[in-house]
Amino acid sequence: MEATSVQEALPKIQAILRSGKSCRLVVTGNSMVPFLRHEKDAVILTSCHAVHRGDILFYFRSPEVCVLHRVCKVCRDGTLLLCGDAQSQREPVVPQQVIAKVSQVERNGKYVDCQRFSLRAAVWLWQMLRPVRPYLLLLLRKLHFLRI
């Protein structure tokens, strides 16, 4: 599906999800590095029923902006605290802002289920390192392990 703006693409995505199908979305932006890379990776979006820490959600930041970020915490009042993997600031999101949940990541033509144990373990470790992420990402860039 080719679209030039969120306003064009979003109704199509929502219609696909409402029909019970999944939708492929190419990642743009660097906020989810190192787990998702700009225009190199894609995600499979599915309807969002239950949300857990570590899940990646596609949500409205504003009426014109949709974002993919990871759940850091599910609060008792239902508020979700989300953060990009390359960021350290958490953002509160209410469930009404959530459009979809990422079920799989496509990298180099291969699909990885987001519930895979090895991926969940790596995400858990990365979340524990949130205070030092900027320094780790800088080091990875300098060592040429990460090209963004």
Side-chain angles (χ1 to χ4, degrees), residues 1-3 6 8-62 65-141 145-148:
M1 169 178 51
E2 297 272 335
V6 172
E8 285 181 53
L10 198 54
K12 294 175 186 176
I13 292 170
Q14 289 173 316
I16 292 168
L17 295 172
R18 272 193 303 274
S19 74
K21 296 179 183 174
S22 58
C23 181
R24 183 178 180 273
L25 180 74
V26 175
V27 174
T28 58
N30 292 314
S31 69
M32 289 298 289
V33 166
F35 291 95
L36 300 175
R37 301 170 303 169
H38 173 70
E39 294 184 346
K40 292 182 182 178
D41 297 329
V43 295
I44 303 302
L45 300 175
T46 58
S47 295
C48 185
H49 301 291
V51 176
H52 300 94
R53 185 172 190 244
D55 290 343
I56 301 172
L57 300 181
F58 183 57
Y59 66 97
F60 287 108
R61 177 173 276 160
S62 70
V65 178
C66 294
V67 181
L68 279 171
H69 278 171
R70 192 176 304 279
V71 178
C72 297
K73 183 178 180 179
V74 179
C75 301
R76 289 181 191 222
D77 67 356
T79 302
L80 306 166
L81 295 179
L82 279 70
C83 184
D85 289 339
Q87 300 174 333
S88 54
Q89 286 285 28
R90 298 190 296 182
E91 173 181 8
V93 172
V94 295
Q96 294 80 4
Q97 290 174 259
V98 177
I99 301 163
K101 180 177 175 176
V102 174
S103 62
Q104 295 180 326
V105 174
E106 179 190 354
R107 176 170 282 180
N108 300 326
K110 296 180 183 176
Y111 289 88
V112 177
D113 190 300
C114 289
Q115 298 304 313
R116 185 183 204 171
F117 177 76
S118 57
L119 180 59
R120 300 274 311 173
V123 165
W124 177 83
L125 177 61
W126 191 248
Q127 286 188 320
M128 294 298 109
L129 296 171
R130 188 169 55 86
V132 295
R133 281 185 202 167
Y135 308 108
L136 290 172
L137 290 169
L138 181 62
L139 178 64
L140 289 171
R141 281 186 201 111
F145 288 117
L146 190 62
R147 296 195 177 137
I148 59 171

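Throughout, residue positions are numbered sequentially from 1 according to the sequence presented. Excluded from the calculations below are hydrogen atoms, water molecules and symmetry mates; all remaining heavy atoms, backbone and side chain alike, are included.
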Shortest non-hydrogen pair, E91 vs Y59, comes out as OE1-OH, 2.8 Å
Here the gap from R24 atom CZ to I16 atom CD1, rounded to the nearest 0.5 Å, amounts to 12.5 Å
For A86 and N30, the nearest pair of non-hydrogen atoms, with its separation, is CB-O, 3.4 Å
Report task. Determine whether L45 and V102 make a side-chain contact, defined as any pair of heavy atoms from C-beta on separated by less than 4.5 Å. Result -> yes
Hey, does R120 have a side-chain heavy atom less than 4.5 Å from the side chain of R53?
-> no
Close side-chain approach of L36 and D85, heavy atoms under 4.5 Å: no
### Message
In the structure I gave you, are the side-chain heavy atoms of D41 and F35 within less than 4.5 Å of one another anywhere?
### Response
no
| query | Got V71 and H52 here, is their nearest side-chain heavy-atom distance under 4.5 Å? | reply | no
Of T28, V26, V33, the one forming a side chain to side chain contact (heavy atoms under 4.5 Å, CB included) with H38 is T28
Distance col, row L140:CG vs Y135:OH, nearest 0.5 angstrom, shows 15.0 Å
Checking K101, H69, R70 against D55 for side-chain hydrogen bond (donor to acceptor under 3.5 Å, both in side chains), the one that qualifies is K101
Residues Q104 and D113: closest non-hydrogen pair is CG-CA, 4.1 Å
In this structure, CG of L119 is separated from SG of C114 (nearest 0.5 Å) by 6.0 Å
Under the side-chain contact (heavy atoms from CB on, under 4.5 Å) rule, what do I56 and M32 come out as? Steps first, then yes or no, please.
CA-CA 10 Å; I56 301 172; M32 289 298 289; 4.0 Å; yes
Minimal heavy-atom distance between C83 and C72, with the atoms involved, is CB-SG, 3.4 Å
In this structure, CD of Q14 is separated from OG of S47 (nearest 0.5 Å) by 10.5 Å
Here the gap from L57 atom CG to L82 atom CG, rounded to the nearest 0.5 Å, amounts to 5.0 Å
Given the rule in the side-chain contact (heavy atoms from CB on, under 4.5 Å) test, do Q127 and R133 qualify, once you have shown the distances and angles that lead to the verdict?
CA-CA 9 Å; Q127 286 188 320; R133 281 185 202 167; 4.0 Å; yes
Any side-chain heavy atom of F58 within less than 4.5 Å of one from V43? no
Q) With a 4.5 Å limit on heavy-atom distance, are the side chains of I99 and L17 in contact? A) yes
Return yes if some donor-acceptor pair links the side-chain N/O of S88 with the main-chain N/O of P131 below 3.5 Å, else return no.
no
